[in-house]
A.B. asks: 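Can you read through this structure? Questions will come right after.
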Protein chains: 2
Amino acid sequence: MTERASASPYLTIKNDLLSQIRSGQLRPGDAVPHEETIAQQYGVARATVHRAMRELAEEGFVERKRRAGTRVAAVGGRTTKVDIALVRDEIERTGAPYRFEILKRDILSGDPFGQRILRVDANQPVLYLEILHFAGERPYQLEERWINLDVVPSAETQSFQASNPNEWLIETIPYAEAEHKFSAQNANAHQGAALDVPEGEALFVIERRTALDAKMITYVRMLHPGQTYAMAATDFSLSTKN
Amino acid sequence: MTERASASPYLTIKNDLLSQIRSGQLRPGDAVPHEETIAQQYGVARATVHRAMRELAEEGFVERKRRAGTRVAAVGGRTTKVDIALVRDEIERTGAPYRFEILKRDILSGDPFGQRILRVDANQPVLYLEILHFAGERPYQLEERWINLDVVPSAETQSFQASNPNEWLIETIPYAEAEHKFSAQNANAHQGAALDVPEGEALFVIERRTALDAKMITYVRMLHPGQTYAMAATDFSLSTKN
DNA sequence: TTTAATTTGTACGTATGTATT
DNA sequence: CAATACATACGTACAAATTAA
């Protein structure tokens, strides 16, 4: 058994089906009995079966269509969940003390990259920050951040003493929408020097664009030495073959 | 409004609350009215409100505790969903024709790395494969794969003509559990030559360990030139401050 | 093309269980 | 130990989508 049995009928049903799918008793394309049928088998209400099935569908194990019924989904890839924690938490979880240093802080007025990425007009000022995050004495992450001062003007005068810019932004605009991209790039001379790795070293890069109501708030690049950094993903669901 | 309004009462309620959270009307730590209260406000049953709230909780926007009630969650990071498609689909989606080449195929009998990673005893045979996936004429992904022949003995005699090894494994054992890790590393001479990039080039690496009932099936490393490859993650939910 | 039958999707109102204060 | 608010479940009803006649 891959998950522990549970008291809740809906979880029992869900886990039973999951076992049958994983064991190969139910193969992709096979029909799963109707909700009504399963309800009678287990002696529960249809709503209870429905919840089990809905969750299995959300997790990608089955596909459901009205009138057509429920079938085991065709596997065509995988979907995983990735947690991107606050650097501070990530570092302190390892036991190392956290601190950060602001390496650069500029108001850019004619920066085409920042203006394009934040979707602001020319001559709109943009705050650029370069921050180095330390795990103990080791540089852990180099952060390159652009902030849209049009949306968050108070960032201009912030000292970022207790909270680093990311933490401060989260306090200010907690529930902005974000878009992430992960990639690998070679460290240039400046990045290598900051992170204390040779130029050319492979860096693991997380990019994040944060917006609220179609207004860009900030764009950030988080660079990690590839030798020491790895991002873990927890198995979440399966994606269908389309 | 960030999501379109919907006919379903539970979605209306969910979106309404989401708007209030995003707009800052409801700040982290704030209490959300009781299910009963909201139900009366909207003139719906409590179960309807419950579903909206449960989904908001699953997505990380609120935290619920019996007796204590529901509060807007403290933001402490982000959780994103990453789709890892089949290489074939990924490449064909760009319009390029897909093909693959098996560069190496060995039965390893005394390979400590393969035995350790697949958790098999010494002298247990392990199938090692090196596969190059092409998008048109460009090498797109270099795949290094170890297969546990104890669990999947038929892999030994497979020709991998129509289906590549990954596709074949998915057909054979569709619903195995997987664990992923993403990282960056510098290409060694061999990897660089295969992928047609200079030695030292930053590679984006996806590692996957696949198991069924605590038995390791396969371990694979998928290497992509960092210049061209980026992995997109879709905003999924927010993780709490713990 | 229209209609009917089937199956999932949502909702209701009530009831009981359970963790937490 | 009691009260509270969430968690699950029941049985029924109707809506929506899709297939089949």
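Lettering follows sequence order; numbering is per chain, from 1.
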A.B. asks: Could you tell me whether a side-chain N or O of A:H133 sits under 3.5 Å from a main-chain N or O of A:Y140, the two making a donor and an acceptor?
C.D. replies: no
A.B. asks: Using every non-hydrogen atom in the two residues, find where A:E167 and A:A162 come nearest and quote the distance to one decimal.
C.D. replies: OE1-O, 4.2 Å
A.B. asks: Quick one: does any side-chain atom of A:D235 pair with a main-chain N or O of B:E177 as donor and acceptor, under 3.5 Å?
C.D. replies: no
A.B. asks: Using atom types as modelled and distance alone, determine if a side-chain donor or acceptor of B:N148 lies under 3.5 Å from a backbone N or O of B:D150.
C.D. replies: yes
A.B. asks: Only pairs under 3.5 Å count here: list side-chain donor-acceptor contacts from residues 25-34 of chain A, not counting sequence neighbours, and write none if there are none.
C.D. replies:
unit_1	atom_1	unit_2	atom_2	d
A:R27	NH2	B:E171	O	2.7
A:D30	OD2	A:R27	N	2.8

A.B. asks: Are the side chains of A:V87 and A:M222 in contact, using a 4.5 Å heavy-atom criterion?
C.D. replies: no
A.B. asks: Listing request: all salt bridge (charged side-chain N to carboxylate O under 4.0 Å, His left out) pairs with a residue in residues 32-42 of chain B, at least two apart in sequence or in separate chains.
C.D. replies: B:E35-B:R46, B:E35-B:R64
A.B. asks: If you find the nucleotide of DNA chain C closest to B:A68 and the one closest to B:T48, which residue's nucleotide is nearer the 5' end?
C.D. replies: B:T48
A.B. asks: Any side-chain to backbone donor/acceptor pair from B:T218 onto B:W146? Under 3.5 Å, distance only.
C.D. replies: yes
A.B. asks: Under 4.0 Å from any atom of DNA chain C, heavy atoms only: list the residues of residues 50-57 of chain A that qualify, in numerical order.
C.D. replies: A:H50
A.B. asks: Can B:R209 and B:E207 be counted as an ion pair, charged N to O under 4.0 angstrom?
C.D. replies: no
A.B. asks: Considering only heavy atoms of chain B and a distance under 4.0 Å, specify the first and last nucleotide of DNA chain C in 5' to 3' order that meet this criterion.
C.D. replies: C:dT10 to C:dT21
A.B. asks: Could you go over nucleotides 14-17 of chain D and give all protein N or O partners under 3.5 Å, atom names and distances?
C.D. replies:
unit_1	atom_1	unit_2	atom_2	d
D:dA17	O4'	A:R66	NH1	3.4

A.B. asks: Between D:dA5 atom P and B:Q40 atom CD, what is the distance in whole Å?
C.D. replies: 12 Å
A.B. asks: So what is the end-to-end bend of the helix from C:dT2-D:dA21 to C:dT21-D:dA2, with 5 pairs used at each end and the value given to 10 degrees?
C.D. replies: 10°
A.B. asks: What's the OH-C1' distance between A:Y42 and D:dC10, to the nearest Å?
C.D. replies: 18 Å
A.B. asks: What's the spacing between B:L142 CG and B:H224 NE2 if we round to 0.5 Å?
C.D. replies: 9.5 Å
A.B. asks: Can you give me the closest heavy-atom contact between A:L118 and A:Y219, atom names plus distance?
C.D. replies: CD2-N, 3.8 Å
A.B. asks: Let me spell it out: for each of B:P33 and B:A47, pick the nucleotide of DNA chain D with the closest heavy atom. Which residue's pick is nearer the 5' end?
C.D. replies: B:P33
A.B. asks: Quick one: do A:E179 and A:K181 make a salt bridge, cutoff under 4.0 Å?
C.D. replies: no
A.B. asks: Are any side-chain N or O atoms of A:S163 and backbone N or O atoms of A:F160, one a donor and one an acceptor, separated by less than 3.5 Å?
C.D. replies: no
